[in-house]
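Read through the structure below, which is laid out as structure tokens, and then see the notes.
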Amino acid sequence: MKIAKIIVDVPSMQTDKPFSYVVPEALETLVAIGMRVHVPFGRGNRLMQGFIVGFESQELVENQGNRLQDLKVIAEVLDFEPVLNAEQLALADKMRETVFAYKISILKAMLPNLLNSSYDKVLTALDPQVASDYFENADEIHFSSLDEVMQATMMKLQREGKVSVRYVAQSKETIKTKKVVSLTNHAQLLALTISARAKKKLAMQTFLQHEPEGKVWDNTELVALFSRDVVKFFIGNGVLTLSDVEVSRSQDYFENIETDTQKTLNAEQKAAYEAIITSQDKPFLLEGVTGSGKTEVYLQVIAHVIDAGKTAIMLVPEISLTPMMTSRFIARFGENVAIMHSGLSDGEKYDEWRKIAAGKAKVVVGARSAIFVPLANIGAIIIDEEHETSYKQDSNPRYHARDIALLRAQYHGAALVLGSATPSLETRARAQQGVYQLLRLTQRANQAAQIPEVRLLDMRKHLNDKSASFSQVMLDKIAEKVSKKEQVVLMLNRRGYSSFIMCRDCGFVPECPNCDISLTLHMDTKTLNCHYCGHTQGIPYTCPNCQSNKIRYYGSGTQKVEEELQELMPEARILRMDVDTTKKKGAHERILSSFGAGQADILLGTQMIAKGLDFPNVTLVGVINADTALNLPDFRASERTFQLLTQVAGRAGRAEKSGEVLIQTFNPDHYAIKLAQTHDYEQFYQTEMAFRRKLAYPPYYFTVQLVISHKNEEITVKKSYEILSLLQAHLTDKARVLGPIAKPIARTHNLYHYQLLIKYRFEDHLADALNDVLDLTQLRENKELRVMIDSEPQNFM
DNA sequence: AGCACGCCGACT
DNA sequence: GTCGGCGTGCTC
């Protein structure tokens with residue numbers, strides 16, 4: 001008897017371990033580690049998806065106190081080939097040491113969504129009365145298709161024994177196919193006698209006679225040429241054979257892309273390239289100013305890796321993963337490229353994944369989760385814009401792609417390259433210590449392109465200008481550029497600063513009923529939306545508080561600024577790009593290509609325009625509000641501001657025309673803004689490191705954040721202190737715990753949130769402490785309590 | 001997560 | 001006396 005160890009799809013503390021199941025005899029030689037199965041689980045034997053993570057001997061099972069006859073049998077093996085390989089399973093084990101998440105969540109994160117089964121219950125009527133009342137003509141009803149009231153009714157009927165329930169688990173993957181016909185019997189074709197009246201058939205016979213045996217057509221193509229019946233006739237006579245052929249759902253991005261050849265590297269690029277390809281297992285930090293040609297270095301490193309018969313992973317931040325960006329890789333590597341990003345449908349992602357798993361892709365370009373792709377024989381892993389916080393997943397499992405990359409690079413002996421113009425302090429500090437090898441690109445690759453001049457506009461002096469959002473200098477400059485037929489990019493850093501409505505008489509601001517946050521005004525849909533829980537309501541005409549009709553709109557969201565700018569410059573053509581205008585698939589690309597084609601003068605957008613845009617005609621970049629990120633309660637606020645401003649400044653003057661950058665700020669003396677003005681990363685690094693050291697923040701200290709949530713504020717506070725003392729019992733006095741304090745947004749989704757922040761350098765018992773916290777949350781009295789543990793948090797909002 | 005077992009209150 | 005409320009513990 002073969003016994004498999006299986007991790008089941010129940011994310012809870014008590015089930016976070018392998019369960020033993022008997023492998024059906026017929027499948028004994030076919031099952032393998034890493035395959036998905038369906039197994040009966042729990043008293044109800046509901047079917048669950050699980051992953052085989054190992055096999056066990058009978059003696060071992062019995063030693064664990066299980067009787068063999070009590071073991072259940074695997075209901076279904078879902079795969080012919082394992083979906084997780086040995087490396088991925090080992091990686092999951094390693095991840096569990098640092099990422100506080102259940103094994104099953106980690107395993108599921110490594111696979112495309114379609115490979116995770118969906119569950120349902122199928123109901124059958126046992127009572128004729130029930131059958132006619134509820135089932136109409138159907139033999140079975142799917143539980144999930146019913147509304148809540150009917151679901152309750154069915155549960156009651158089930159208890160009364162009038163309805164039976166069967167659990168089903170279903171793997172969702174589908175392989176897209178198309179029908180093709182192939183010419184398989186030429187002799188038969190010639191032998192056919194066709195009536196002279198059947199013109200279409202005769203025509204097709206003649207057509208086929210001139211085609212070689214074995215030729216393949218799309219079924220639809222032939223049907224269009226002749227007709228369905230005629231094609232069917234030849235299939236029926238054995239001349240043609242109809243078959244299904246697998247098609248990839250994402251082939252179209254290979255079309256219309258011209259191939260591209262390597263560019264010559266300058267001396268700095270060359271040196272970096274040489275260092276990377278002769279890698280001695282130390283990771284690299286490639287620190288290069290915007291426009292210094294980091295991407296060309298990446299491309300050539302990847303080309304080198306492919307020539308050596310290996311593969312590569314290229315990670316870029318989600319918002320940079322535009323067709324414009326991916327086409328550079330496709331242009332260089334053609335069909336060797338697979339793209340993985342969230343814009344793809346589940347089916348498309350699955351197809352890309354299979355292409356990779358089958359070894360048909362040599363280069364994977366993707367966002368965070370692409371770090372898990374089942375590439376074999378990896379020669380290089382490159383993380384561009386390494387400082388981007390989107391590399392850290394902000395829901396379970398809270399992994400950082402950089403950490404995973406480190407593990408995978410180690411496993412494969414691959415070169416790891418972290419690239420950025422403004423590296424995160426953590427990474428830069430490691431380079432300083434010699435943990436990473438620092439490679440610098442200090443010159444723009446395009447010699448003609450000058451580093452743009454940056455001017456700061458002190459908004460304190462412009463408060464009386466006629467516009468709320470723009471200083472006169474900025475307006476004049478924009479007008480000048482527009483009249484010269486040059487283009488302008490304006491960035492509105494909207495974070496934590498959206499438009500809202502307020503009553504002029506009593507100061508009332510509508511807030512979300514579930515969250516402690518004012519609602520954001522959306523003029524396009526004429527609604528007030530909560531950006532945290534998604535609550536939507538209409539815009540009141542009179543104040544709900546004092547019935548005054550003096551409701552006014554405040555703040556400067558992109559919509560508001562667009563309207564204002566349009567009013568001030570009626571002749572300018574403005575394109576707006578933010579989450580609202582780019583929601584639809586391909587919208588992002590459409591906006592950019594229309595701007596690139598000169599169909600607009602001004603591109604107004606949020607942070608997403610700071611990344612990688614490269615338009616030669618853009619000669620002015622304006623930042624409308626540089627300070628909003630600066631005032632956030634986050635120790636990385638300065639770092640974020642500096643990175644963002646440096647990046648957006650790099651958008652100007654990419655070609656022959658020289659560029660200008662104007663930054664509007666209320667804090668012109670702040671070091672993050674002043675040093676962004678002079679493009680002085682090195683000075684910023686030194687200054688910021690001094691602060692971090694003084695305040696004991698990363699990279700000098702490690703951090704773990706705990707967020708405690710409960711619907712009752714008092715309980716939240718009480719439990720937070722309980723957890724605090726639990727932690728202190730394990731931690732040395734060298735560790736510092738901040739809090740509990742209310743989160744900046746104290747209530748969302750009807751829950752109060754308090755946070756604790758542990759700062760430490762060496763704590764042997766940290767894991768024990770956190771496990772104790774988890775145990776605490778498992779107590780029944782804490783059922784309603786939610787505790788989130790985040791190692792090295794990136795966001796404190 | 002979801003289900004059964006089991007121990008207490010409101011009814012036939 | 002029973003039906004059913006949900007608190008507690010377990011799932012190979």
Side-chain angles (χ1 to χ4, degrees), chain A residues 1-25 27-28 31 33-78 100-109 113 116-123 142-144 146 148 151-170 395-397 709-711 715 774-788:
Chain A
M1 187 160 54
K2 195 165 189 172
I3 296 162
K5 295 203 295 183
I6 291 168
I7 301 281
V8 294
D9 187 12
V10 181
S12 82
M13 186 111 270
Q14 298 95 318
T15 52
D16 192 28
K17 56 172 187 189
F19 286 80
S20 302
Y21 281 87
V22 174
V23 178
E25 222 173 307
L27 295 169
E28 275 183 11
V31 290
I33 291 174
M35 285 181 178
R36 299 169 304 146
V37 291
H38 283 158
V39 290
F41 191 71
R43 292 178 219 262
N45 280 330
R46 69 208 155 97
L47 284 178
M48 291 266 99
Q49 189 186 57
F51 293 96
I52 300 179
V53 293
F55 294 102
E56 245 176 330
S57 71
Q58 304 183 17
E59 298 75 50
L60 213 69
V61 175
E62 283 172 324
N63 287 343
Q64 288 163 359
N66 293 310
R67 298 190 321 179
L68 284 176
Q69 58 267 39
D70 292 340
L71 295 188
K72 293 179 184 175
V73 181
I74 292 173
E76 188 183 0
V77 177
L78 299 176
F100 276 81
Y102 304 120
K103 186 77 167 272
I104 187 68
S105 322
I106 296 174
L107 294 178
K108 283 171 90 170
N113 236 333
N116 295 319
S117 300
S118 59
Y119 305 111
D120 203 355
K121 306 179 191 66
V122 172
L123 309 166
H142 283 259
F143 188 74
S144 61
L146 303 171
E148 265 174 56
Q151 289 190 348
T153 315
M154 286 300 160
M155 285 162 84
K156 225 172 267 166
L157 289 169
Q158 191 261 334
R159 244 178 247 175
E160 291 163 12
K162 291 176 180 165
V163 160
S164 82
V165 179
R166 193 175 86 242
Y167 290 95
V168 290
Q170 197 159 25
S395 60
N396 275 325
S709 310
H710 194 277
K711 64 179 185 211
I715 295 178
L774 285 179
D775 286 344
L776 182 87
T777 63
Q778 292 298 309
L779 297 175
R780 34 239 147 259
E781 54 170 300
N782 294 330
K783 262 231 156 106
E784 305 234 276
L785 191 72
R786 259 187 25 196
V787 178
M788 178 207 91

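We name chains A, B, ... by the order of the sequence lines, and we start the count at 1 in each one.
The distance between atom CD1 of A:Ile104 and atom P of C:dC12, rounded to the nearest whole Å, is 15 Å. To the nearest angstrom, C1' of C:dC12 lies 11 Å from CD1 of A:Ile74. If you take CG of A:Leu68 and P of C:dC12, they are 15 Å apart, rounded to a whole angstrom. What separates CE of A:Met48 from C1' of C:dC10 is a distance of 15 Å, to the nearest Å. For A:Glu62 and C:dC12, the CD to P distance is 17 Å, given to the nearest whole Å. If you measure from atom CD of A:Gln14 to atom C1' of C:dT8, you get 11 Å, rounded to the nearest angstrom. Atom NZ in A:Lys5 sits roughly 17 Å away from atom P in C:dC12 (whole-Å rounding).
Nearest-nucleotide assignment on DNA chain C puts the 5′-proximal partner with A:Arg43, out of A:Arg43 and A:Val73.
Proximity of A:Ile3 to A:Leu68: side-chain heavy atoms (C-beta onward) are separated by under 4.5 Å at one or more points.
Each of A:Ile104, A:Val37, A:Ile6 was checked for a side-chain contact (heavy atoms from CB on, under 4.5 Å) with A:Phe51, and the lone residue meeting it is A:Ile104.
Note on A:Phe41: a base of the nucleic acid sits closer than 4.0 angstrom, heavy atoms only.
To the nearest 0.5 Å, the span separating CG on A:Asp16 from OG on A:Ser105 amounts to 7.5 Å.
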